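Have a look at the structure below before the remarks.
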Amino acid sequence: MTLPLVVGVDGSDASLLAVDWAVDEAARRDVPLRLMYASLWERYEGALPSTGRKRPSEQVLAEHIVASAAERAARHDAQVKVSTDIVSAEAADALLRAGNNAFALVTGARGRGELQGLLLGSVSLAVAARAHCPVIVVRGDNAGLAGTHERILLGAGDPAIGGEAVRFAFHEAAARSCTLDAVRAWRCPAHEGADHPALADEPMHQHEEQASAQLDELLREAMAEHPDVRVRRTTAEGPARRILVNRSAAADLVIIGARRRQGHFGLQLGRVSHTLLHHAHCPVAVVPQLV
């Protein structure tokens with residue numbers, strides 16, 4: 001059975017952008033699309049006038065939201081198989097449960113009722129920080145959302161937690177027939193010497209060579225499995241957060257790995273992922289690695 005791509009919808013502009021992006025992704029990956037609306041009904045009490053005892057206004061609202069999203073998806077690409085689901089539960093919890101049987105989860109950057117000053121909605125942040133499947137938060141400028149750069153950006157982090165992210169990135173680049181830009185950041189001893197005096201005595205080229213070796217190690221197996229994927233390897237000196245945010249302006253999707261500890265139920269999101277989710281110029285995929 002092919003696992004679906006699950007999209008959280010709530011009627012907001014951000015979720016409608018997520019639907020558009022997810023339809024294209026489902027078509028590329030040849031997977032079905034599942035549109036999910038989840039909420040505790042009492043939150044929207046009185047949002048619409050009641051139409052009868054058997055169909056309270058909250059249910060009417062939910063049905064309208066998923067029907068509109070399904071119609072939008074069909075207009076975008078009628079070939080993608082679409083199903084809808086309405087769940088009476090906290091949105092983040094419902095999406096996390098759905099992620100146990102999903103190819104990936106897709107959310108908008110903000111939802112209904114989120115404060116306009118927020119860079120990232122609470123539901124999207126919670127899902128990205130806790131899910132055990134890939135999570136794509138659809139955000140960014142028009143070029144990044146439209147996928148016109150023909151480039152996927154991979155933040156190549158610690159090899160111990162980056163294997164799943166690398167595999168996801170290569171599959172994504174293959175599906176799009178585009179270039180994979182794999183970037184490994186490293187720090188200059190002069191920038192870290194104050195906190196780590198021993199580093200200041202090591203030649204700069206040693207740090208760059210170490211970063212290059214780690215990048216080779218991380219990519220080696222996937223490159224052998226996907227010889228047709230064009231890979232651009234880059235090592236760059238500086239903070240990974242800044243480097244990846246800047247490079248995301250020329251990418252259609254930025255992919256980063258995330259550690260998921262067995263039995264740990266809190267938020268598990270590193271500083272790099274957190275920064276990208278708030279500031280990237282294109283959609284962000286957080287791919288978990290169980291450790």
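Note that the numbering runs from 1 along the sequence shown for the chain. This one's a predicted model, so the numbers in the text were calculated from it and none came from an experiment.
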Legend entry - Side-chain (S15) to main-chain (S12) donor-acceptor, under 3.5 angstrom: yes
Inset, instruction - Indicate the atoms forming the closest heavy-atom contact of A251 with C282, along with that distance. - result: O-CB, 3.3 Å
Legend entry - Rounded distance [0.5 Å steps], CD in E63 versus OG in S68: 11.5 Å
Inset, instruction - Heavy atoms only: give me the nearest A143-D252 pair and the separation to one decimal. - result: O-OD1, 4.0 Å
Legend entry - Sub-4.5 Å side-chain heavy-atom contact between H171 and H226: yes
Legend entry - Minimum heavy-atom distance between A109 and A14, given as atom pair plus value: N-CB, 4.0 Å
Legend entry - Check: Q210/Q206 side-chain N/O donor and acceptor closer than 3.5 Å: no
Inset, instruction - Look at atom CG of D13 and say whether more than 12 heavy atoms of other residues, nucleotides or ligands are closer to it than 6.0 Å. - result: no
Legend entry - Side chains of D181 and L154 in contact at under 4.5 Å (non-hydrogen atoms): no
Inset, instruction - Any chance you could lay out the side-chain contact (heavy atoms from CB on, under 4.5 Å) test for L276 and R241, step after step, and finish with the verdict? - result: CA-CA 7 Å; L276 286 168; R241 290 173 290 173; over 6 Å; no
Inset, instruction - Output the distance between atom NE2 (H281) and atom CZ (R139), rounded to the nearest 0.5 Å. - result: 8.5 Å
Legend entry - Distance-only polar pair, side chains of R259 and Q289, donor-acceptor under 3.5 Å: no
Inset, instruction - Could you tell me whether the side chain of T84 reaches within less than 4.5 Å of the side chain of Y37, counting heavy atoms only? - result: no
Inset, instruction - Grab the two heavy atoms, one from N101 and one from P4, that are nearest each other, plus how far apart they are. - result: O-CD, 3.4 Å
Legend entry - Distance, nearest 0.5 Å, that separates CG of L277 from CG of L269: 5.5 Å
Legend entry - With V19, the side-chain contact (heavy atoms from CB on, under 4.5 Å) member among V82, V7, V106: V7
Inset, instruction - Mark yes when over 12 heavy atoms from residues, nucleotides or ligands other than R271 sit less than 6.0 Å from its CZ; otherwise mark no. - result: no
Inset, instruction - Work out which heavy atom in L105 is nearest to a heavy atom in A131; give both atom names and the distance. - result: CD1-CB, 4.2 Å
Inset, instruction - Give a yes or no answer on whether the side chain of S124 reaches the backbone of G108 with a donor-acceptor pair at less than 3.5 Å. - result: yes
Legend entry - Side-chain heavy atoms of I255 within contact of V287, under 4.5 Å: yes
Inset, instruction - State, yes or no, whether a side-chain contact exists between V6 and L33 at a heavy-atom distance under 4.5 Å. - result: no
Inset, instruction - Answer with yes or no whether the hydrophobic clustering places L16 together with V9; edges join I, L, V, M, F, W, Y residues whose side-chain heavy atoms lie under 4.5 Å apart. - result: no
Legend entry - Lys/Arg N to Asp/Glu carboxylate O, R29 vs E172, below 4.0 Å: yes
Inset, instruction - Taking S212 for its side chain and E209 for its backbone only, find out whether a donor-acceptor pair lies under 3.5 Å. - result: no
Inset, instruction - Output, in order, the C-alpha distance, side-chain angles, deciding distance and verdict of side-chain contact (heavy atoms from CB on, under 4.5 Å) for T107 and V138. - result: CA-CA 6 Å; T107 73; V138 178; over 6 Å; no
Legend entry - Donor-acceptor side-chain pairing of D24 and H76 below 3.5 angstrom: yes
Legend entry - Lys/Arg N to Asp/Glu carboxylate O, R233 vs D216, below 4.0 Å: yes
Inset, instruction - Give a yes or no on whether E150 atom CD has more than 12 heavy-atom contacts from other residues, nucleotides or ligands under 6.0 Å away. - result: no
Inset, instruction - Using the test side chain to side chain donor-acceptor pair (under 3.5 Å), find all partners of R97 that sit at least two apart in sequence or belong to another chain. - result: none
Legend entry - Student check: side-chain heavy atoms of L180 and L153 closer than 4.5 Å: no
Inset, instruction - For the pair F170 and V231, evaluate side-chain contact (heavy atoms from CB on, under 4.5 Å) and give the outcome as yes or no after the intermediate values. - result: CA-CA 9 Å; F170 271 83; V231 180; 3.7 Å; yes
Legend entry - Closest contact, heavy atoms only, V286 versus A128: CG1-O, 3.8 Å
Inset, instruction - Supply the atom-to-atom distance L5 CG to R28 CZ, rounded to the nearest 0.5 angstrom. - result: 10.0 Å
Legend entry - Note, L35 side chain near D85 side chain (heavy atom, < 4.5 Å): no
Legend entry - Distance, nearest 0.5 Å, that separates OG of S39 from CD of E90: 7.5 Å
Legend entry - 4.5 Å side-chain heavy-atom contact, L218 and R220: no
Inset, instruction - May I ask you to decide if the ring planes of H207 and W186 are parallel, tilted or perpendicular, using 30° and 60° as cut-offs? - result: parallel
Legend entry - Rounded distance [0.5 Å steps], CG in L125 versus NE2 in H274: 5.0 Å
Legend entry - D30, CG: over 12 other non-hydrogen atoms inside 6.0 angstrom: no
Inset, instruction - Give the intermediate values and the outcome of side-chain contact (heavy atoms from CB on, under 4.5 Å) for residues R72 and V23. - result: CA-CA 10 Å; R72 185 183 181 100; V23 171; over 6 Å; no
Inset, instruction - Assess whether atom CG of N100 is packed by more than 12 heavy atoms of other residues, nucleotides or ligands within 6.0 Å. - result: yes
